[in-house]
Novice: 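Just dropping this structure here.
First the proteins, then the strands, lettered A, B, ... as listed; each starts at 1.
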There are 2 protein chains.
Amino acid sequence: MQKTTESAQDPRARLREYVSRQGLKFTRQRELIADVFFRSEGHLSVEELLEEVRKDDAQVSLATVYRTMKLLTECGLANPRQFGDGFTRYEPADKDDEHHDHLICRDCGKIIEFYNADIERIQEQIAKQHGFAVIDHKMELYASCSRTNCPDRPKRS
Amino acid sequence: MQKTTESAQDPRARLREYVSRQGLKFTRQRELIADVFFRSEGHLSVEELLEEVRKDDAQVSLATVYRTMKLLTECGLANPRQFGDGFTRYEPADKDDEHHDHLICRDCGKIIEFYNADIERIQEQIAKQHGFAVIDHKMELYASCSRTNCPDRPKRS
DNA sequence: CTCTCTGCAAATTCTTTGCACCTAG
DNA sequence: CTAGGTGCAAAGAATTTGCAGAGAG
C-alpha cells in the first residue's frame, strides 16, 4: 500500500511545504479546506466545498475558500474544471499525473473519470497535423444514464 | 454547389421562418445581428458581435445581442461554447450538422475546428462501457503554434 | 512582533430582466 | 392596432478585492 515518495503521498504535507517555501502561512482554514477537498470525491464547486468545510468550522468565509482553491491550484495540488453548469469545480491533482477525461451524466449529475490511450494518441496526431503542439486538452462526454446504473445519484438530480 | 433544401441553405431565411412560426417578429436588429453572426468566422463573444453590429447600427444594445443569440440558439442556428476565457462564444450551427471539435491556440487565440471519426467512435464505446448513452460531447485541444503557422492571429494575442 | 490571512462587504464581470416607448405584422 | 421587441439601467450570479482586526512563524 505504500508509495515511493512520501511527499507526493500526503497532499497536506505538500501544501505545508509549498506554503512555507513561499513565506506564506499554514492556517487553520487552509488546513481544513485542503483536508475537506482531498477527502472529497472531487469535482466540488466552491460553494459545495464551503458547505462541507462549515460542518467543521462554521466561521469560514466563501472568500477564503476561493482564495485557498486558487492557492492549491498554484501549487499544483488542484485543477479547476468547468463543466457547463456555470461554476468552477476543482479536482485533486494528486493522482499520479495521469490525465483523464470526464463523462458527465445529464440525468443525475454524476461525473465519471476515464482514460483512453487511443484518444490521447489521436489528439497528438491531430495537433501535429495542424502544426501545433498540444499543451493541454479536455474531452467531455455528456451522457444519459436513464438512471439505470446510478445508485448514488447526487443532489441536483 | 447547390444543396437539397433551400431553407437549410440561408440562415436568414431559416430565422425568418422560425420567427414567424412562433409568432415573433423579424426586426431590423435581429436581421442585422444574424447577418453579422453568419458572415463571421464564428466563435465570437457577445461583446465582439456587438462591436461588429455597431459598425452598421450604433444604437443596438448589448441586451438585444444577448437576446438574439439566445433566440438563434433556440431555433438551432447557433451553438454556445465556452472555452476557458470567461465568456460564452457562439458558433453557427448551419454546417451540415456535422459535429466537430476545437483546437484552441494559447499563443494566438486562433480556434480551429476539426473532425475525427475515430474519436467519435471511441467516445461512443466509452459511454457504452459505462452504461451511458452519449447525448453530446466536446473535445478541446489547447495547443501552441509558436506563431509559426499563424499568419492571421486575432486581437487577443 | 511582523507580515500574511481572514471575514465581511463592496466591487467586478458577464449575463439577465423590468419597464416605458417603439415597431413589425 | 396590438403583441412582441428594444434600449436603458438596475438586478443577478459567480468570483475578486480592499480593509481592519486576527493569528502564524
Novice: Looking only at side-chain atoms of K70(B), point me to the closest of dT16(C), dG18(D), dT15(D).
Specialist: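 Nearest listed nucleotide: dT16(C).
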Novice: Would you say a side-chain N or O of T88(B) is under 4.0 Å from OP1 or OP2 of dT15(C)?
Specialist: yes
Novice: Please evaluate residues E52(A) and R39(A) with respect to the criterion salt bridge (charged side-chain N to carboxylate O under 4.0 Å, His left out), reporting the C-alpha separation (whole Å), side-chain torsions for both, the decisive distance (0.1 Å), and the verdict.
Specialist: CA-CA 11 Å; E52(A) 282 306 304; R39(A) 196 191 310 136; 5.7 Å; no
Novice: Measuring from the side chain of K25(A) (C-beta onward, heavy atoms only), which nucleotide among dT6(D), dT16(D), dT4(C) has the closest atom?
Specialist: dT4(C)
Novice: With respect to the side chain of Y66(B), which nucleotide from dG25(D), dG7(C), dT15(C) is positioned closest?
Specialist: dT15(C)
Novice: Are the aromatic ring centres of F83(A) and H102(A) under 6.0 angstrom apart?
Specialist: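 Ring centroids of F83(A) and H102(A) are less than 6.0 Å from each other.
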Novice: Whether S20(A) contacts dG25(D) is assessed here as follows: a side-chain N or O lying under 4.0 Å from the phosphate OP1 or OP2. Is that the case?
Specialist: no
Novice: Rounding to a whole Å, what distance do you find between Q82(B):CD and dT15(C):C1'?
Specialist: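 For the pair Q82(B) CD and dT15(C) C1', the rounded distance is 12 Å.
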Novice: Hey, is the side chain of T64(A) poking within less than 4.0 Å of OP1 or OP2 on dG7(C), counting only N and O atoms?
Specialist: yes
Novice: Take the protein atom CZ of R89(A) and the nucleotide atom C1' of dT15(D), then report the distance between them rounded to whole Å.
Specialist: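 Interatomic distance, CZ of R89(A) to C1' of dT15(D): 15 Å.
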Novice: My understanding is that only one of D56(A), D57(A), D35(A) makes a salt bridge (charged side-chain N to carboxylate O under 4.0 Å, His left out) with R28(A); could you say which?
Specialist: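 Only one option passes, and that is D57(A).
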Novice: When you measure from the side-chain N and O atoms of R30(B) to the phosphate of dG5(D), is any distance below 4.0 Å, counting only OP1 and OP2?
Specialist: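 R30(B) to dG5(D) OP1/OP2: side-chain N or O found under 4.0 Å.
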Novice: Is there a donor and acceptor pair closer than 3.5 Å between the side chain of R67(B) and the base of dG4(D)?
Specialist: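 Flag unset: no donor-acceptor pair detected.
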Novice: Among the candidates dG7(D), dT15(D), dT17(D), find the nucleotide nearest to the side-chain atoms of V60(B).
Specialist: dG7(D)
Novice: Over how many whole Å does the gap from D85(B) atom CG to dT15(D) atom C1' extend?
Specialist: 16 Å
Novice: Output the rounded distance in Å from CD1 (I33(B)) to P (dG7(D)).
Specialist: 8 Å
Novice: Any donor-acceptor pair under 3.5 Å linking the side-chain atoms of H43(A) with those of E48(A)?
Specialist: no
Novice: Quick check: does any side chain N or O of R54(B) sit under 3.5 Å from a backbone N or O of V60(B), one acting as donor and the other as acceptor?
Specialist: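 Here the side-chain-to-backbone pair exists.
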Novice: Roughly, in whole Å, what's the span from CG in L32(B) to P in dG7(D)?
Specialist: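 Going from CG in L32(B) over to P in dG7(D) covers 10 Å.
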Novice: Between atom CD in E47(B) and atom P in dT15(C), what is the gap in whole Å?
Specialist: 8 Å
Novice: Mapping L71(B) and F26(A) onto DNA chain D by nearest heavy atom, which one lands closer to the 5' end?
Specialist: L71(B)
Novice: Does any N or O donor sit under 3.5 Å from an N or O acceptor when you compare the side chain of R28(B) with the base of dG25(C)?
Specialist: no
Novice: Reckon V46(B) touches a base, only the sugar-phosphate, or nothing at all at heavy-atom distances under 4.0 Å?
Specialist: nothing
Novice: In whole angstrom, give the distance that lies between atom OH of Y18(B) and atom P of dG5(D).
Specialist: 11 Å
Novice: Whole Å only: how far is the CG atom of L49(A) from the P atom of dA14(D)?
Specialist: 15 Å
Novice: Output, in order, the C-alpha distance, side-chain angles, deciding distance and verdict of salt bridge (charged side-chain N to carboxylate O under 4.0 Å, His left out) for K70(A) and E74(A).
Specialist: CA-CA 6 Å; K70(A) 189 157 280 182; E74(A) 278 162 21; over 6 Å; no
Novice: From the options dA9(D), dT6(C), dA24(C), select the nucleotide whose nearest atom is closest to the side chain of A63(B).
Specialist: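 The closest nucleotide is dA9(D).
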Novice: Between Y90(B) and L62(A), which is nearer to the 5' end of DNA chain C once each is assigned its nearest nucleotide?
Specialist: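 So the residue in question is L62(A).
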Novice: Respond yes when some side-chain nitrogen or oxygen of Q29(A) is under 4.0 Å from OP1 or OP2 of dG7(C), and no when none is.
Specialist: yes
